[in-house]
K.L.:
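Got a structure for you, questions after.
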Amino acid sequence: MDRRDKSVNQGVAPVTYGQGERPPRGDYAKASADYTCEQDWAQYSAADHDTYRRLYTRQLQQLPGLACDEFIAAVQQLGAPDRIPRFVDVNQKLQPATGWQIVAVPGLIPEEAFFALLAARRFPVTDWIRKPEEFDYVVEPDVFHDLFGHVPLLFNPVFADYMQAYGAGGLKASRLDACELLARLYWYTVEFGLISTPAGLRAYGAGILSSAGELRHSVGAPEPRRVGFDLRRLMRSQYKIDTYQATYFVIDSFDQLFKATEPDFTPVYREVRAQIASHGEVAAGQVLDGEREFAIA
Ligand code: PHE
Ligand code: CO
């Protein structure tokens, strides 16, 4: 049975992190009001599990020297790599570690529903997996991206708190009409963040960690710009949704990230808007005068 043939929830337009014209994939009719659904584990096919196994194996092999230690230490908590995990099994480990839980969703969900889940320490994980023809690139996040990319760092106490704070901050940003600025923070940290370590640059962003090509590109290729994390600079910066990032922001530690984002953003949004009005946005790949770039190994 093809789940994608079923009608989708037309009530609320899901967030698409871009300007896609396709309707979202996934069966939104089965979701509750908070957009969560059951993970119908029995209906994954052998081919689905095989796709997961092949993605996981390819990615795991590339992690040494490219992924941050915290991610490598926790990735095994996802369980056996040979089949799509049951979310209840992941939660048996995750919940005692940091109080987070993962919940199934049919795909991308509206911003406010997403923020509310994060604020409650519930991370939404798409239940479907990409088709074999989409092995290297899938437009929307699937269970592999959501689980492999995002869940290991939810085992890290500081990052776990950051994600919850992001959710609470998102609910506030909705009221302040600042979601576009806040989304840049998610993009450049949670999805495409790099961290500087004594051994060199490493990836912690889920969009990088779940991508076969971007892992190497982000950490080691000469083309992209790599600049230090600066909240206001970041919020002025545009990003790419259909190619590897042209700029990455580098943090020194998860503590630095948490502390830099802890203050109330209400005045920050005002300052950033004023700066955009006077100096414009920063294009992806653009480096500002006097800005230091991180060297690659
Ligand atoms: N401090 C932010 C605010 O007041 C909340 C936040 C924390 C947002 C961490 C993002 C990440 O809006
Ligand atoms: Co993601």
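In each ligand, atom 1 is the first atom listed, and ligand 1 is the first ligand listed. Given the structure is predicted, the values throughout are model-derived calculations rather than measurements.
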K.L.:
Going by the atom numbers of ligand 1, which of them fall below 4.0 Å from some non-hydrogen atom of Asp264?
P.N.:
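Per the distance check, 4 (O).
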K.L.:
Report yes if some N/O of Leu182 lies less than 3.5 Å from some N/O of ligand 1; otherwise report no.
P.N.:
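By distance alone, the answer is no.
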K.L.:
Strictly below 4.0 Å, N to O, side chains only: are Glu291 and Arg225 in salt-bridge contact?
P.N.:
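Looking at Arg225 together with Glu291, the answer is no, because their closest N to O distance does not fall below 4.0 Å.
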K.L.:
For Thr261, is at least one N or O under 3.5 Å away from an N or O on ligand 1?
P.N.:
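Yes, at least one N or O pair falls under 3.5 Å.
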K.L.:
Just wondering, is there an N, O or S atom on Glu191 that's nearer than 2.8 Å to the Co ion (ligand 2)?
P.N.:
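It does: Glu191 brings an N, O or S atom closer than 2.8 Å to the Co ion (ligand 2).
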K.L.:
Which part of Ala168 is near ligand 1, with near meaning a heavy atom under 4.0 Å away: side chain, backbone, both or neither?
P.N.:
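The answer is neither; Ala168 stays 4.0 Å or more away.
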K.L.:
Find, among atoms of His150 that are N, O or S, the one nearest to the Co ion (ligand 2), and state its name.
P.N.:
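Nearest to the Co ion (ligand 2) within His150's N, O and S set: NE2.
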K.L.:
Would you tell me which option among Lys172, Met163, Gln164 has the nearest heavy-atom contact to atom 4 (O) of ligand 1?
P.N.:
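Minimum heavy-atom distance to atom 4 (O) of ligand 1 goes to Lys172.
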K.L.:
Salt-bridge test for Arg122 and Asp34: reply yes if a basic N is under 4.0 Å from a carboxylate O, no otherwise.
P.N.:
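Yes.
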K.L.:
Mark up the atoms of ligand 1 that fall under 4.0 Å of a heavy atom belonging to Gly169, in ascending order.
P.N.:
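Listed by number with element, the hits are 5 (C), 12 (O).
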K.L.:
Return the residue, atom name and 0.1 Å-rounded distance of the protein heavy atom closest to atom 8 (C) of ligand 1.
P.N.:
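Nearest neighbour among protein heavy atoms for atom 8 (C) of ligand 1, to 0.1 Å: Phe265 CE2, 3.5 Å.
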K.L.:
Which heavy atom of Met235 sits nearest a heavy atom of Arg184, and at what distance?
P.N.:
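So the minimum-distance heavy-atom pair works out to O-NH1, 2.8 Å.
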K.L.:
Before we go on, tell me: are the rings of Phe148 and Tyr56 under 6.0 Å apart, centre to centre?
P.N.:
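They qualify: ring centres under 6.0 Å apart.
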K.L.:
I want to know whether Phe294 and Phe249 have ring centres closer than 6.0 Å.
P.N.:
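Judged by ring-centre distance (under 6.0 Å), Phe294 and Phe249 do not meet the cut-off.
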K.L.:
For Glu262, take its heavy atoms, then give the atoms of ligand 1 lying under 4.0 Å from any of them.
P.N.:
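Per the distance check, 1 (N).
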K.L.:
Taking only heavy atoms of Pro263 into account, list the atoms of ligand 1 that are under 4.0 Å away from them.
P.N.:
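Listed by number with element: 1 (N), 2 (C), 3 (C), 4 (O).
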K.L.:
Is the distance between the ring centroids of Tyr44 and Tyr52 under 6.0 Å?
P.N.:
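No, they do not, as the ring centres are separated by 6.0 Å or more.
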K.L.:
Should you measure from each heavy atom of Leu185, which atoms of ligand 1 turn up under 4.0 Å away?
P.N.:
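Near Leu185, the atoms of ligand 1 are 10 (C), 11 (C).
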K.L.:
Under 3.5 Å, is there a donor-acceptor pair between the Thr189 and Tyr166 side chains?
P.N.:
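Side-chain D/A pair, Thr189 to Tyr166: absent.
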K.L.:
Within the 3.5 Å criterion, strictly below it, is a donor on Gln275 or Arg236 matched to an acceptor on the partner's side chain?
P.N.:
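Arg236 and Gln275 do have a side-chain donor-acceptor pair below 3.5 Å.
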